Amino acid sequence: MALRFIADVDLEAVAAALAPRLIAYALARTGRRADAEDVAQEALTALVRRWRRAGPPESPDAFVFAIARRRAGRAVARGALLAPLDVVRHIAQRGPSVEETAVGRSAASDVVSAIRSLPRRDREALLLRVVGELDFDRIASLTRTTPAGVKMRISRARRRLATLLAERTDGRRTRTA
């Protein structure tokens, strides 16, 4: 019984450490807080089931981020299918106008938008490294590539992201001038 208690404490510590990273990763992938929380919760629930059934996985990080990666992809696809219905609901609820929504955008939404415009493989590697805090070897195994390939993708994604954000900032300055 004492061994079970120690395993539960370890599981809680691992889950507590992973939760904020999972939410941040899923938020960057989906762009919606509610979807991000759902993705993180589903990944952590799978970790708990696995841990209690067969013991801890070799790498809890890789285990939950592999699940989060798939679930976030599904959430994005589901969101794309439901987007037209959301527009209709938004009009029916008389929410803020398109102009008001655009003016209310924050820097964080610009970053998320820029991240989404990156090529899928580069975006995935960057998010797993920066938000997921996974090492190059883990990312390579998740994305079925080499660590050198992962480093190249991340480097390319960072350069492109910096360029995209600079263009957005310059575009704002031009419009307001």
Side-chain angles (χ1 to χ4, degrees), residues 1-83 108-162 164-165:
M1 188 57 109
L3 186 59
R4 177 79 170 164
F5 176 73
I6 291 170
D8 286 344
V9 171
D10 290 344
L11 173 59
E12 287 180 30
V14 168
L18 286 170
R21 293 170 37 209
L22 280 169
I23 291 171
Y25 169 77
L27 183 59
R29 285 286 311 274
T30 65
R32 295 179 51 168
R33 181 75 181 186
D35 287 343
E37 289 173 351
D38 288 345
V39 166
Q41 183 160 355
E42 290 170 6
L44 288 172
T45 300
L47 175 66
V48 169
R49 281 192 207 120
R50 162 63 163 78
W51 195 296
R52 290 190 174 151
R53 185 183 69 244
E58 181 180 323
S59 171
D61 289 18
F63 182 86
V64 295
F65 277 98
I67 292 168
R69 182 175 178 224
R70 289 189 301 269
R71 301 282 165 86
R74 289 180 196 143
V76 168
R78 188 174 46 249
L81 292 173
L82 297 176
S109 67
D110 286 342
V111 171
V112 169
S113 177
I115 288 171
R116 284 188 181 154
S117 68
L118 296 172
R120 183 183 55 80
R121 289 181 173 177
D122 294 354
R123 177 181 62 232
E124 192 66 32
L126 179 66
L127 291 174
L128 288 169
R129 177 70 176 161
V130 174
V131 180
E133 299 176 7
L134 298 180
D135 61 36
F136 296 116
D137 292 331
R138 296 277 184 225
I139 297 169
S141 69
L142 283 172
T143 58
R144 294 187 175 101
T145 187
T146 64
V150 168
K151 289 177 186 178
M152 178 196 64
R153 289 187 185 287
I154 291 170
S155 175
R156 184 173 42 215
R158 285 181 175 155
R159 281 193 311 270
R160 181 70 180 133
L161 187 60
L164 289 168
L165 291 172

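Note that the structure is a prediction, hence the values are computed from the model and not measured.
Every residue was checked against the side-chain hydrogen bond (donor to acceptor under 3.5 Å, both in side chains) condition with R50, not counting sequence neighbours, and none meets it.
Closest of all the heavy-atom pairs between I23 and A40 is CG1-CB, 3.6 Å. A pairwise comparison of heavy atoms in L27 and A36 identifies N-CB, 3.3 Å as the closest pair. Considering all non-hydrogen atoms of both residues, A68 and V39 come closest at O-CG1, 3.6 Å. The two residues L44 and A19 have their closest heavy-atom pair at CD1-CB, 3.8 Å. The heavy-atom pair separating A114 from L164 by the smallest distance is O-CD1, 3.6 Å. Contact detail for A28 and L127: the closest heavy-atom pair is CB-CD2, 3.4 Å.
Side chain to side chain, S155 and R159 meet the donor-acceptor criterion of an N or O pair below 3.5 Å.
Residue pairs meeting the salt bridge (charged side-chain N to carboxylate O under 4.0 Å, His left out) criterion with at least one partner in residues 33-46, sequence neighbours excluded, are R32-D35, R33-E37, E42-R71. Applying the ring-ring contact (aromatic ring centres under 6.0 Å, His included) test to every pair with at least one member in residues 119-151, sequence neighbours left out, gives no pairs at all. Evaluation of the side chain to side chain donor-acceptor pair (under 3.5 Å) test over residues 118-130, restricted to residues two or more places apart or in two chains, returns Y25-E124, R29-E124, R69-E124, D122-R153, D122-R156. Counting only residues at least two apart or in different chains, side chain to side chain donor-acceptor pair (under 3.5 Å) contacts with residues 56-68 comprise R21-D61, S59-R138.
By the 4.5 Å heavy-atom criterion applied to side chains, F63 and P56 are not counted as neighbours. Between L161 and I115 there is a side-chain heavy-atom pair separated by less than 4.5 Å.
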Show me, pair by pair, the donor-acceptor contacts under 3.5 angstrom made by side chains of residues 143-152, not counting sequence neighbours?
from : atom 1 : to   : atom 2 : distance (Å)
T143 : OG1    : I139 : O      : 2.8
T146 : OG1    : G149 : N      : 2.9

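Enclosure of atom CD in E133 by more than 12 non-hydrogen atoms of other residues, nucleotides or ligands within 6.0 angstrom is indicated.
Here the CG atom belonging to D137 is positioned 11.0 Å from the CG atom belonging to L142, to the nearest 0.5 angstrom.
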